[in-house]
Amino acid sequence: MAGLTGRALIAARCAKFFKNGDFVNLGIGVPLMCVNYLPEGVDLWLEAEIGIVGCGSSPKWEDADPDLIDAGGQPASIIKGGSVCDHTTSFALIRGGHIDAAVLGTLQVDQEGNIANWTIPGKLVPGMGGAMDLCAGVKKIVVATDHCEKSGESKILKKCTLPLTGAKCATDIVTERCYFEVGADGIILRELTPGYTVEKIRACTEADFIVPEKIGVME
Amino acid sequence: MAGLTGRALIAARCAKFFKNGDFVNLGIGVPLMCVNYLPEGVDLWLEAEIGIVGCGSSPKWEDADPDLIDAGGQPASIIKGGSVCDHTTSFALIRGGHIDAAVLGTLQVDQEGNIANWTIPGKLVPGMGGAMDLCAGVKKIVVATDHCEKSGESKILKKCTLPLTGAKCATDIVTERCYFEVGADGIILRELTPGYTVEKIRACTEADFIVPEKIGVME
Amino acid sequence: MRSKVVTREEALTKIKDGQTIMFGDWHGELSAEEIITGMLEKGIQNISAIAVSAGMPDQGVGRLIKEHRVKSIVTTHIGLNPVARDQMFAGELEVEFIPQGTFAERIRCGGAGLGGCLTPTGIGTDVEIGKQKLTINGKDYLLELPLYSDVALIKAWKADTAGNIAFRLTGRATNSYMAFAADIVIVEVEELVEVGELGPEEIDVAAPIIDMVYVRTGEKKPFCLMWQRAKAKAEGGKK
Amino acid sequence: MRSKVVTREEALTKIKDGQTIMFGDWHGELSAEEIITGMLEKGIQNISAIAVSAGMPDQGVGRLIKEHRVKSIVTTHIGLNPVARDQMFAGELEVEFIPQGTFAERIRCGGAGLGGCLTPTGIGTDVEIGKQKLTINGKDYLLELPLYSDVALIKAWKADTAGNIAFRLTGRATNSYMAFAADIVIVEVEELVEVGELGPEEIDVAAPIIDMVYVRTGEKKPFCLMWQRAKAKAEGGKK
């Protein structure tokens with residue numbers, strides 16, 4: 001998938017984390033775009049919090065069924081072999097560690113793996129929905145995010161300043177510029193997007209990060 | 001139902017506690033016999049712990065279905081309008097106070113409403129099954145029991161000596177000789193079987209009981 | 001079995017000012033809209049609401065919020081209802097945010113007679129505030145307490161006259177478990193059938209815990225305004 | 001989707017001496033009998049069992065108990081298995097009795113990532129012993145901890161090749177929720193179907209949590225020995 005840039009690149013890189021048959025939860029926006037970049041032979045079970053195992057693509061409006069909606073209340077579909085379950089069971093799947101990976105957008109993420117994406121006090125208060133349960137229960141939490149705010153400020157911080165969604169839960173951070181693995185001692189720069197160098201990443205990243213001997217190419 | 005005696009009388013008296021549409025759990029033996037004595041116009045929803053709401057009568061052997069069994073593992077049937085549910089849901093119904101009444105057999109019951117019916121240490125150890133949940137969650141717990149052991153000893157005691165199934169949970173005690181209501185200050189002799197007097201009950205009952213001004217006839 | 005079918009007026013006699021009411025729905029979709037219309041007409045107010053989100057301004061509990069009938073809401077999300085956000089900032093609506101899995105479990109506890117449950121969700125976040133923390137096998141958990149209500153307003157697909165109900169696909173949403181956690185359970189359905197028409201495995205919530213069945217008289221499955229707007233936009237975009 | 005269908009030998013590679021194993025069943029009915037036969041043949045021993053009862057001597061986990069393969073059992077009832085009772089009195093089988101609703105909730109906690117739950121069941125009885133007691137809104141509850149296992153042996157009616165499973169009527173018994181509470185989940189089914197044959201509402205446990213599907217080769221629905229004996233007795237009695 002060489003040649004991808006921006007959010008498409010983020011989604012394509014995140015898609016590489018999955019193996020065939022994985023059970024995943026993908027947030028709205030860039031995370032959900034992952035399904036467009038799955039490697040050949042990789043089929044996923046996509047979960048929707050309302051209680052779908054095996055979400056399909058968005059139906060056409062004329063095929064929409066008011067009794068079949070996704071986590072955001074939008075028309076949904078179910079793949080062959082997919083099923084519906086109770087909302088309590090849906091979160092038993094999430095909290096109980098049955099989901100292999102989740103990809104989440106974020107407002108901030110930090111070098112300890114803390115994630116803050118549910119509120120900006122006094123400004124933006126959507127609520128945490130199911131995000132805190134995902135952070136608490138899913139083994140692999142991939143943060144898919146623009147590297148910086150539109151204002152140019154880094155979203156990858158030494159320490160989150162907004163209220164946390166999950167403490168020390170991120171396992172991977174993918175931006176349009178690079179991919180960090182979250183290790184026990186901090187975040188590790190694993191891959192660079194063509195055109196970016198360690199120095200360039202340092203300049204746009206507030207967090208400290210570990211630079212290993214060998215850094216791959218993100219594509 | 002005048003003229004009934006013994007266990008049939010116990011079952012018939014217990015059946016009078018129910019009103020149409022009640023959701024009940026009836027133990028094996030005498031409690032289950034209640035369904036034969038329901039007043040005209042009284043239909044019950046019978047629960048089976050395995051997860052049936054609306055148990056019907058035992059099917060003939062040739063109609064038995066290995067996938068439809070009752071709490072004891074015996075062939076079951078489901079009435080029109082009845083349903084199956086998960087075992088966890090079955091106990092949500094029991095523990096959550098959704099069941100109107102349960103009728104239980106017992107080894108011992110005492111004047112505080114304590115019930116002991118799950119073990120005789122070193123002798124009889126079947127296990128408590130669902131009985132403790134019934135004692136903890138059901139509003140009306142009717143104890144249906146022979147008044148005395150075969151040896152002649154009272155089963156209605158001042159204080160249970162066997163390990164308890166439920167503490168202070170019995171609301172009514174029905175024997176072949178009389179009916180006690182369990183009140184805040186002790187058990188109250190409400191009805192006498194024809195042929196029994198207060199004195200006769202006193203002679204065969206270890207527990208203290210309150211004798212109200214008016215005592216009805218049990219039938 | 002006696003019939004639990006009621007008129008809307010009969011159902012509304014159980015709904016009173018100041019009650020705690022659970023609204024089964026999904027962001028205002030799949031909710032008991034006709035009963036809610038009745039609540040608006042009757043002037044019910046001071047509601048303590050419990051709902052997975054604040055709905056939308058034109059839908060579900062959101063309609064009651066818009067008319068200032070709701071004083072507080074326990075919820076997981078209000079992002080689809082800007083009216084709720086404005087009332088919250090203005091101090092007119094008290095909002096308690098809880099994680100969605102915790103929301104489901106607290107209501108399940110309420111319905112199942114449990115005194116609470118221990119969840120890892122929210123550990124290390126502000127959700128911890130004011131809650132007891134317990135360590136089990138070396139892992140931290142928050143003790144979350146049951147939620148229970150005076151009335152649960154449930155939307156289902158079908159009911160029989162005895163009160164058995166069935167959902168279609170994601171229509172169960174939060175409706176299925178809220179039915180266990182209220183003194184009075186009122187279900188609004190699209191279709192009424194005779195007892196026996198729903199088989200033992202089709203019934204999602206058994207009759208004994210449903211108190212009243214109200215059969216919707218208006219459109220069976222109205223697409224919500226958000227959908228209608230999004231559809232219009234999608235179709236407009238194609239031109 | 002890759003197929004999860006395995007031979008009995010492949011399933012048995014996951015079952016080892018000394019494991020904690022959940023047996024989905026109902027007093028030995030509705031259990032994965034052919035896998036259990038395989039365990040007996042393979043010589044699996046020192047099992048820590050979790051099952052709603054001790055089964056019957058000729059059925060379910062009871063067969064393993066009879067052959068002294070089970071060292072301990074967490075259960076609610078052993079009344080239908082005199083062999084288990086004798087082994088318990090002889091100190092050969094360690095039995096932990098827990099109330100049935102608590103049994104279900106502890107396994108559900110294990111499967112749902114909860115650290116435990118508070119139940120009123122057992123308050124004032126010996127079940128209290130060794131457990132933490134908490135008072136919530138003036139009522140006492142016992143803190144009950146999760147149950148989890150190395151392997152869950154589940155019996156279902158149908159499976160598709162992807163691992164979705166469906167039960168019939170009371171066939172779900174304890175099978176449905178044990179499937180969530182094990183590292184390895186092996187299901188024994190009567191019938192295998194193609195993916196897509198089980199509809200979204202027919203599937204009781206979704207494919208992602210099932211690891212292996214074994215299709216029974218013997219009789220589909222054997223009536224158990226207890227039934228057969230009772231039937232013979234009933235029919236004998238008529239003569």
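Here is how names work: the chains are called A, B, and so on, in the same order as the sequence lines, proteins then strands, and each is numbered from 1.
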**Q** For L134(A), which atoms come within 4.5 Å of any heavy atom of chain C: side chain, backbone, both, or neither?
**A**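 The answer is neither part of L134(A).
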**Q** Rounded to the nearest 0.5 Å, what's the gap from CG on D126(C) to CE on M128(A)? Could you check?
**A**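 So the gap between those two atoms works out to 8.5 Å.
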**Q** Against chain C, label K123(A) side chain, backbone, both or neither, depending on which of its atoms sit under 4.5 Å from a heavy atom there.
**A**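 For K123(A), the contact with chain C is made by the backbone alone.
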**Q** More than 12 non-hydrogen atoms from neighbouring residues, nucleotides or ligands closer than 6.0 Å to CD1 on I28(A), yes or no?
**A**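 Atom CD1 in I28(A) is not packed in, count stays at 12 or less.
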**Q** In Å and rounded to the nearest 0.5 Å, what is the OH to NE2 distance from Y177(C) to H87(A)?
**A**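 Reported value, rounded in 0.5 Å steps: 4.5 Å.
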**Q** Please name the pair of heavy atoms, one in L30(C) and one in I69(A), separated by the smallest distance, quoted to 0.1 Å.
**A**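 Minimum heavy-atom separation between L30(C) and I69(A): CD1-CD1, 3.8 Å.
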**Q** Go through A71(A), G137(A), G166(A) and name the one with the most non-hydrogen pairs under 4.5 angstrom from chain C.
**A**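 The residue among A71(A), G137(A), G166(A) with the greatest pair count is A71(A).
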**Q** Heavy-atom count check: over 12 atoms from other residues, nucleotides or ligands less than 6.0 Å from K80(A) NZ?
**A**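 Check fails, neighbour count at 12 or below.
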**Q** What are the two closest heavy atoms between E29(C) and G73(A), and how far apart are they?
**A**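 Taking E29(C) first and G73(A) second, the nearest heavy atoms are OE2-O, 4.0 Å.
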**Q** Heavy-atom pairs under 4.5 Å with chain C are the metric here; pick the option from D133(A), I52(A), V84(A) that has the most.
**A**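 Highest number of pairs under 4.5 Å: D133(A).
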**Q** Give, for atom OG1 of T102(C) and atom CZ of R95(A), the distance between the pair rounded to the nearest 0.5 Å.
**A**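 With rounding to 0.5 Å, OG1 (T102(C)) is 6.0 Å from CZ (R95(A)).
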**Q** Between D70(A) and chain C, which part of the residue has a heavy atom less than 4.5 Å away: side chain, backbone, both or neither?
**A**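 Backbone of D70(A) only, per the 4.5 Å heavy-atom cut-off to chain C.
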**Q** Name the member of A167(A), G130(A), A136(A), G129(A) that forms the most heavy-atom pairs with chain C at distances under 4.5 Å.
**A**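 Most pairs with chain C among the choices: G129(A).
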**Q** Could you tell me which portion of V127(C) (side chain, backbone, both or neither) has an atom closer than 4.5 angstrom to a non-hydrogen atom of chain A?
**A**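 Answer is side chain: those atoms of V127(C) sit under 4.5 Å from chain A.
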**Q** Looking at N137(C), I'd like to know if its CG atom is crowded, meaning that more than 12 non-hydrogen atoms belonging to other residues, nucleotides or ligands lie closer than 6.0 Å.
**A**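 No, the 6.0 Å shell around CG holds no more than 12 heavy atoms from other groups.
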**Q** Could you tell me the separation between the OG1 atom of T125(C) and the CH2 atom of W118(A), rounded to the nearest 0.5 Å?
**A**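 With rounding to 0.5 Å, OG1 (T125(C)) is 8.0 Å from CH2 (W118(A)).
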**Q** Tell me whether K158(A) at atom NZ has more than 12 heavy atoms from other residues, nucleotides or ligands lying less than 6.0 Å away.
**A**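 More than 12 within 6.0 Å, yes.
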**Q** Chain A heavy atoms under 4.5 Å from S53(C): which part of the residue, side chain, backbone, both or neither?
**A**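 Neither part.
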**Q** I want to check something: taking the side chain as every heavy atom from C-beta on, are L169(C) and I78(A) in contact at a cut-off of under 4.5 Å?
**A**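 Side-chain contact under 4.5 Å: yes.
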**Q** Picking from T88(A), I94(A), I50(A), which has the most non-hydrogen pairs under 4.5 angstrom with chain C?
**A**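 Most heavy-atom pairs within the cutoff with chain C belong to I50(A).
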**Q** Which heavy atom of L80(C) sits nearest to which heavy atom of G72(A), and what is that distance?
**A**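 Heavy-atom minimum between the residues: CD1-O, 4.0 Å.
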**Q** Please check if the number of heavy atoms outside E92(C) that lie under 6.0 Å from its CD is greater than 12.
**A**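 Counting other residues, nucleotides and ligands, CD of E92(C) exceeds 12 neighbours.
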**Q** Would you mind telling me which of M88(C), R85(C), E105(C) has the largest number of heavy-atom pairs within less than 4.5 Å of chain A?
**A**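 Winner by heavy-atom pair count: E105(C).
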**Q** Which bit of I107(C) is near chain A, if near means a heavy-atom gap under 4.5 Å: side chain, backbone, both or neither?
**A**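 Neither; nothing under 4.5 Å.
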**Q** How long is the gap from CZ on R172(C) to OG on S90(A), to the nearest 0.5 Å?
**A**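 Taking CZ in R172(C) and OG in S90(A), the distance rounds to 12.0 Å.
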**Q** Counting only heavy atoms closer than 4.5 Å, note whether F89(C) contacts chain A via side chain, backbone, both or neither.
**A**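 For F89(C), the contact with chain A is made by the side chain alone.
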**Q** Based on non-hydrogen pairs under 4.5 Å, which of C169(A), G122(A), A131(A) is most in contact with chain C?
**A**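 Top option by heavy-atom pairs under 4.5 Å: G122(A).
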**Q** When rounded to the nearest 0.5 angstrom, what is the spacing between CG in D86(A) and CZ in R108(C)?
**A**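 D86(A) atom CG to R108(C) atom CZ measures 9.0 Å (nearest 0.5 Å).
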**Q** Quick check: are there more than 12 heavy atoms from other residues, nucleotides or ligands sitting under 6.0 Å from CD of E94(C)?
**A**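 Counting neighbours around CD of E94(C), 12 or fewer heavy atoms of other residues, nucleotides or ligands fall under 6.0 Å, so no.
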**Q** Given side chains that start at C-beta, do those of T119(A) and F97(C) come closer than 4.5 Å, heavy atoms only?
**A**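 No. Closest side-chain heavy atoms not under 4.5 Å.
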